[in-house]
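Any value given below was found using the heavy atoms of this structure, including those in side chains, with hydrogens, waters and symmetry copies removed. Residues take their numbers from the sequence shown, with the count starting at 1.
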Amino acid sequence: MGNVVFKKLYPQDYTAAVSTRVSNALLVGDIFGMILVGLICDRFGRKVALVGTTLIIVIGATLGTAAHGAHGSAQGLFWFLTFSRGLTGIGVGGEYPASSTGASEAANEKMIKQRGPILVMVTELMLSLGGPVAVSVFLIVLSAAGEEHLETVWRVCFGIGILLPITVFYFRMRMLSSELYRKGAIKRHVPYWLVLKRYWKPLIGTCGSWFIFDFVVYPNEIFSGTIISSVIKNGSIKSTAEWQLLLGVLALPGVFVGALLCNHLGRRNTMIIGFGGYVVFGLIIGCAYDKVTKIIPLFIVFYGLLQSFGNLGPGDMTILVSAESYATPIRGTCFGLSAALGKVGAAVGTQVFTPIQNGLGKKWTFIIAAIFGVAGMLVTYFFVPDMTGVDFAEEDRKFMEYLAENGWHGEVGEYPDEVTLEVETSLLARKGRFDRAGVTEDTTSTQRIVTIYYGERPSSLILLWRGLSLPYLLTHRGSLHPCRP
């Protein structure tokens with residue numbers, strides 16, 4: 001609704017170019033935040049990332065609420081908003097990798113089978129609720145202040161947006177990192193080339209599907225007020241907001257349906273169904289645009305179903321598959337990269353939305369959504385992995401063995417000696433050097449006892465907590481060779 005309000009307040013100054021710049025500022029900030037915070041939450045911890053993003057959001061939103069142009073300049077105001085929204089975007093973008101990685105790891109530790117639905121409920125549901133809640137707040141403030149005080153309306157709405165991040169700040173200060181992160185973090189000398197070699201295909205899938213989804217959904221969300229106001233003809237701001245609220249509510253059922261389907265059909269198939277909805281309803285609205293828009297309730301229902309299928313498929317699943325497809329040490333980085341490519345798609349979609357409307361006609365925004373729906377189905381089918389029910393710990397183990405097989409030996413986890421023991425003994429056992437190995441703690445001293453089994457016959461070695469690496473000790477205390485690829 002911000003675009004509608006600013007257009008009403010500043011009809012000469014709030015041009016299409018200014019509208020796009022102010023809208024895209026948040027997206028550009030998102031991209032920087034996703035990449036930067038994705039790296040931070042892997043290298044410094046999930047808690048550091050979450051606390052940092054909260055502070056940035058509060059500062060950016062506060063600046064946006066107080067935005068003014070020099071000497072009352074409208075252009076100065078819009079440049080101020082561009083800066084403050086960009087800063088807010090860094091925090092908002094950082095929330096994606098920081099929150100999603102922490103939530104997915106916590107869900108994995110508590111209930112692996114329900115990890116998907118839980119993650120959808122705490123991430124995509126909150127994102128989808130944000131639209132209707134924001135419009136509801138806008139309607140309440142508008143009703144209280146009146147349409148003759150629109151500047152008060154938008155500033156109060158911006159200010160209310162500061163409250164939520166403040167309320168969660170205390171809880172984030174008290175949170176702990178997941179056990180998966182404490183055991184699997186790689187904070188130094190991250191082998192990014194080996195990561196790329198192992199995960200190039202999932203990266204194409206998560207980055208590509210998120211790019212396509214955001215290319216379609218973001219301009220339709222940002223400019224939905226403009227689209228609706230052009231359809232209802234001479235409607236008031238309040239009337240436009242009410243139709244937009246209905247549109248947001250109609251999109252919500254898709255979130256719940258996606259959460260229900262993701263375990264039964266799998267992540268990949270659920271995403272394909274969602275992209276298929278873009279094809280069906282994009283073509284219905286686009287091809288029959290002139291007729292459908294004459295019946296406003298019908299147009300809103302079809303528009304809502306288009307967005308609901310977006311939530312059902314790529315809306316729910318892009319977050320889920322981006323959290324599940326990668327090992328814990330690089331989950332935040334790969335998630336942040338995937339989300340950032342999505343926001344690149346959002347920025348591109350927002351940038352071309354108005355030229356498409358003006359040059360080809362409004363119906364083509366929906367036809368292009370259908371075309372991108374087909375592309376999304378293809379990318380999902382060929383590149384998105386389906387990790388339904390797979391324990392994160394299992395993927396972490398495979399990733400560590402892959403690194404060791406390729407000659408990488410570095411510190412892993414917040415207790416690197418213990419994790420290195422577990423990984424390297426597992427690898428040696430898998431290569432047939434011995435049957436299995438266990439690591440136990442001698443509570444009376446700072447030692448680890450490594451028990452190696454040849455069949456059922458145990459042979460124990462004492463390893464100092466901060467002493468030599470396991471492969472070195474095995475080489476010098478027994479007949480085994482160092483762990484090498």
Tell me, yes or no, whether the heavy-atom count around [X] atom [atom1], taken from other residues, nucleotides or ligands under 6.0 Å, exceeds 12.
X    : atom1 : value
F80  : CZ    : yes
M173 : CE    : no
F171 : CZ    : no
W408 : CH2   : yes
K47  : NZ    : yes

Within the structure provided, determine whether [X] and [Y] are in side-chain contact (heavy-atom separation under 4.5 Å).
X    : Y    : result
L63  : I59  : yes
S104 : F392 : yes
E95  : M34  : no
T53  : R172 : yes
D42  : I186 : no
S325 : T206 : yes

CG of L305 to CG of L312, rounded to nearest 0.5 Å, is 11.0 Å

Measure the OG-CG distance between S99 and L50 for me, rounded to the nearest 0.5 Å.
-> 5.0 Å

Pick from F335, Y326, F383, W193: which one makes a ring pair (Phe, Tyr, Trp, His ring centres under 6.0 Å) with Y199?
-> Y326

Expected output: side-chain [X] to main-chain [Y] donor-acceptor under 3.5 Å:
X    : Y    : value
S209 : T380 : no
D30  : G93  : yes
T318 : P314 : yes
R182 : S177 : yes
Y96  : G336 : no
S322 : I319 : no
R331 : A323 : yes
R46  : S178 : no

If the plane angle is over 60° it's perpendicular, under 30° parallel, otherwise tilted; pick one for F299 and Y289.
-> perpendicular

For Y381, the side-chain contact (heavy atoms from CB on, under 4.5 Å) test, sequence neighbours excluded, returns I272

Can you find a side-chain donor-acceptor pair between E105 and T101 that sits under 3.5 Å?
-> no

Can you tell me if N108 and D391 form a side-chain donor-acceptor pair at under 3.5 Å?
-> yes

List the steps and the verdict of side chain to side chain contact (heavy atoms under 4.5 Å, CB included) for F399 and I330.
-> CA-CA 10 Å; F399 179 65; I330 43 85; 4.2 Å; yes

Give a yes or no on whether the ring-centroid distance for [X] and [Y] is below 6.0 angstrom.
X    : Y    : value
F372 : Y278 : no
Y303 : F366 : yes
W154 : F158 : yes

Write out all pairs satisfying salt bridge (Lys or Arg N to Asp or Glu O under 4.0 Å) with one or both partners inside residues 335-347, taking only residues at least two apart or from two chains.
-> D214-K343

Are R267 and E324 close enough for a salt bridge, meaning some N to O gap below 4.0 Å?
-> yes

